Amino acid sequence: MENKILTIPKVDKILSLPTMISLLATHPRPTMLTAVRNVLETLRVDSVNGKMREPMNESHLCCLIEAELDNLIAPNLHAVVNGTGVVIHTNLGRSLLAKSACRQMLDVAERYSNLEMDMATGERGERYSHVESLICELTGAEAALVVNNNAAAVLLALSALAGGREVVVSRGELVEIGGSFRIPDVMRLSGAILKEVGTTNRTHLKDYQRAVSENTALLLKVHTSNFSVVGFTAEVSIEQLVTCGRDAGIPVMADVGSGSLLDLTRYGIVGETPLQEYIKAGVDIVTCSGDKMLGGPQAGIILGKMEIITRLRKEQLLRALRIDKLTLAALEATLRFYRDERQAVAEIPTLRMLTVQPDALRAKATLYLRRIRPRIPSSVTLSVVEGHSQVGGGSLPLLELPTFLLVVTVEDRSPEQIDASFRKGKTPVLGRINKGRYLLDLRTLQDADIPAVIEAMNVIS
Ligand SMILES: *Cc1c(COP(=O)(O)O)cnc(C)c1O
């Protein structure tokens, strides 16, 4: 064992090999050193575990180092192929941005911008002004503000409006989203005091009315976006809550989570109340995410009454939660599409993928098969079946959208082996396994993904 460990060459000796010298001409020395050390460490561990082959071959060593160098240079955060069919996949980056949103972002990134300057007066302006009037125009709200994400929006609202005072929430709405956002925790962080009312499955108007005291700052409604309570249930409608708040002189807030600007019922997407409805119902402040159903960048959108939004604007916390200019550029470009519903559905990838009809997905399947089949080995076979996809992003958990799927089978490989191999490619391919079959959902596959899919099918064979 000891002998084998000692046979691993020294770093200096490796760096003096001709292959390494030529690599040093084009790569920074510290990066080369990291690559060499990483490879040697792996070899050391292999050797201790008795996995190392003897003797150490010089050219093999150089190959390992070159591969590690490629690894170090390549971006860690990179594109993947989403074949899962989950449109708003939080772990895969939620919404894809529209082309024009990307262009707008690039323009603002490469050049100076009017981020915080009013060009009419030459004086200091507000970064929030770039989207405020657009949000108001689209929703009918009096005022709006945008921050880093919806968690930040909720935190800011609670601390500005209810710090040290009570916020009344139904026990059925104390949600957790994606493990890191929990209403009770955000409440604690904001300094507001949680006043739970009702039960997990049933909350009535009288529960809210009884909970109200001189120490109540806010009535909060949280959209239970990522789960469903079915059976013997009751919840207070937003209209009832608004009336209750008016009677008591207490503002009403709604954290709607996903946030939609369109009624997508006619596309078979039922269950998301558009933001406009909350405003029309008289809710004082509404918050939602920018990158869920809205299909924009990560952002938190806050809209509502002028007086309330003005209080939020004065918070010191806003500075820590503020939206950055690239996000702002992408958000503005995304929101602009909503002036025309047809354009929004056609141009915003999230909406396009959610509303695409099964016929179009079947046609896409035929087209993709025609492109992929001639370029893959005979050990890989493809077929098309019908199935269902999910919205994701904690939105509409019960909704099943009819779709078409590519079934991938590989000789002598289990679906789990296909999945593992596909995930490890330079551009990883993610699918799903259902009833012993490896599937790629055409809903979330993009034209640009085809080369990576072909590559994955060639690597595995
Ligand atoms: C998703 C969600 C959040 C968190 O939003 P982020 O934009 O991810 O910070 C908060 N509340 C509800 C109801 C949500 O669905």
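Whatever order the structure lists them in is the order used to number ligands and atoms, beginning at 1. On a predicted model such as this, the values are computed, not experimentally measured, just so you know.
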Handout entry: Protein contact of atom 7 (O) of ligand 1 - nearest heavy atom, named by residue and atom, plus distance
Key = S289 OG, 2.7 Å

Problem - atom 9 (O) of ligand 1 - nearest protein heavy atom and its distance - result: A151 N, 2.9 Å

Handout entry: Pair R352 + E347, salt bridge at N-O below 4.0 Å
Key = no

Problem - Pair R339-L134, side-chain contact (heavy atoms from CB on, under 4.5 Å): steps then yes or no - result: CA-CA 9 Å; R339 282 180 165 154; L134 192 52; 3.5 Å; yes

Practice task
Give yes if a backbone or side-chain nitrogen or oxygen of K292 is under 3.5 Å from a nitrogen or oxygen of ligand 1, and no if not.
Solution key: yes

Problem - Validation row: V356, R443 side chains within 4.5 angstrom (heavy atoms) - result: yes

Completion exercise
From the list T243, V242, I250, side chain to side chain contact (heavy atoms under 4.5 Å, CB included) partner of R246 resolves to V242

Problem - Residues forming a salt bridge (Lys or Arg N to Asp or Glu O under 4.0 Å) with R202, sequence neighbours excluded - result: none

Problem - Atoms of ligand 1, numbered as shown, that sit under 4.0 Å from any heavy atom of H223 - result: 13 (C)

Practice task
Please could you name the atoms of ligand 1 that R94 approaches to less than 4.0 Å, counting only its heavy atoms?
Solution key: 6 (P), 7 (O), 8 (O)

Problem - Short N or O distance, D255 and ligand 1, threshold 3.5 Å exclusive - result: yes

Problem - Residues forming a side-chain hydrogen bond (donor to acceptor under 3.5 Å, both in side chains) with D324, sequence neighbours excluded - result: T327

Problem - Nearest neighbour in protein (non-hydrogen) for atom 10 (C) of ligand 1 - result: N150 ND2, 3.2 Å

